[in-house]
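To start, the structure under review is shown below, and the notes come after it.
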Amino acid sequence: KEQKLLNIFGKTYLADDFTNISPSIAERTSRRLLHEPANPLSIIKKLIESNFPADEYTVYDPPEPAVSVYENFDSLNFTPDHPGRSKSDSYYLNSDTIMRTHTSAHQGHCFRTIPTPGFLISADVYRRDEIDRTHYPVFHQMEGARAWNRDDFASEADLIAKINSDTLKIPSPGLQILDSDKQFDKSENPKQPGMSPELCIALSNHLKRTLEMVVGGIFSSIREMDPASANKDQVQIRWINAYFPFTAPSWEMEVYWDGDWLELFGSGVTEAPVFDMAQVPNHVGWAFGLGLERLAMLLFGIPDIRLFWSTDERFLGQFSEGKINRFQKFSKYPSAHRDIAFWLKDGSAPEDFHDNDFMDIVRDHAADLVEDVKLIDKFTHPKSGRHSLCYRVVYQSMERTLQSDEINALQETIRSEVAQKFGVQLR
Ligand code: PHE
C-alpha cells in the first residue's frame, strides 16, 4: 500500500486511517493572525495580557499548531472513549497527531517548564464545526493557568493562607457580579475527592477574582479609549456551573452585553492527575480558556468571523496596535464613480448650494447603492463670474456587483433631477 506524506508547518507526517485534514485547513496555519500586531485578535490578546502582572504570568507562544493526541486529550484527563476525540469533530494528521482543538493542549508543557507561577498561552485552534457567522474551523484561544506547589508550604493551612493573601492582592474590577458566591456543589459541580473544601474554595476565589479583574480591566480600557461606545452602566457578569474533564469544580463566566448573556471564559480548579501527568505532582491551581474571536467581535463590533481572515485594506486599515475602535462596514463588491459638474444660476454663490440638498437627491434615487458623495471641485469662471461645482458619486452595493448600464441610468436620473430642482446648467 502506498504511503502518503503530509507536510504541515514544516514537518512531515505519515498519513493513516485517521488523516482527515484538508488542504484548505492546512493552508490556514501559515497566516498566523496573532503575529499581525494590528489584527483585532492581537489587539485583544495584548489587552488581556496587560492586565496580568508580568512577574507572575509568562506569555507563551506555542511553536506549531500540530500536537500529539496525548497532549490534546490524554494529558487532560479525557477518557479513551470521550466523544471529543471523534474524527468528525477534529482534524487529525494521523492517529497520533492532531491540530490542537484547544490551547489546553499546551498546559502540561507549560506547567512543567515555565518558571513563573502562572502562564498565558494564545494560539490558533482547529475544529470541524458548523458554518455560520460566529463559527469558523480555525479560531483563536487564550489559555491561562496558575499553580502553587504544596511542597513549598509546611502545612495545608499555610498553603491556603498564601492563596488567600495572593487573592487579596488582585485589583478589584468595578463590575456588578451576580451569583459570585456559588462554590462547589456536591451533585452539580463537585470538588475533587482528594481536596479539602477550604483549599477548593481558596483556589476558586483566586480564579474568579483573577478573571473578574481581567474583565474589569478590559472594560475600563474601553471606557478610556472610547467613552461614547462603552456601556455606560456597570458591566454585569455571572458564574455558571460547567464541566471539563481537566477541572473540578468548573465554571463559565458570562457577561451581559446588548441584552444577552454571553459566555466568555471556561474555567476551573485543575484536576490533580493533570499535574501528575505534567510531571509536577503535588501542585494545586486553576486554568481558564477564552475565545478571542468572540470577545473581539463584541468589542470591535465585527459582525462576521470570516472578516478576521480578510487581507483587504478596507478591513486591516481600520485597526491599529493598542487601539479598540468600532468596525465600519464595507462592501466586498467593486465600486465605480461618476462625476457630475454644473454651473450655478447667474448671481448665486457656491455657499447658496448646500451639500445636503445634493445628498438628498442621491439618496432619493440611489439610496443603498451609493457609498460616498463628495464635492471634489469648485471654481469661478474668470470672465463670466459664474460658479461651477463638481460632485463625485461613488456607487457600490453591499450585495452584488453593479453593472455600468445600471450605474449610468442612476447617474442620468440624478443629473436631470439636479438640473430641474436647482435650475443649474449641467456641464
Ligand atoms: N479548553 C476548554 C475549551 O476549549 C476551555 C477551558 C480551559 C476550560 C481551561 C477550563 C480550563 O472549551
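No experiment lies behind these values; they were computed from the predicted model shown. Whatever order the structure lists them in is the order used to number ligands and atoms, beginning at 1.
Between Phe265 and Phe288, the distance separating the two ring centers is shorter than 6.0 angstrom. When ring centroids are compared, Phe219 and Trp257 come within the 6.0 Å threshold. Aromatic ring centroids of Tyr60 and His109 lie under 6.0 Å apart.
In this structure, Gln318 contributes its side chain and Arg314 its backbone to a donor-acceptor pair below 3.5 Å.
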Identify all N/O pairs between ligand 1 and the protein with a separation under 3.5 Å and present them as a table of atom names and distances.
from     : atom 1 : to     : atom 2 : distance (Å)
ligand 1 : 1 (N)  : His102 : ND1    : 3.0
ligand 1 : 1 (N)  : Ser104 : OG     : 2.9
ligand 1 : 4 (O)  : Arg127 : NH2    : 2.9
ligand 1 : 4 (O)  : Gln141 : NE2    : 3.0

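In this structure, Asp377 has no side-chain hydrogen bond (donor to acceptor under 3.5 Å, both in side chains) partners at least two apart in sequence or on a different chain.
The cationic group of Lys87 does not satisfy the cation-pi geometry with Tyr92, failing either the under 6.0 Å distance to the six-membered ring centre or the 45° limit from the ring axis.
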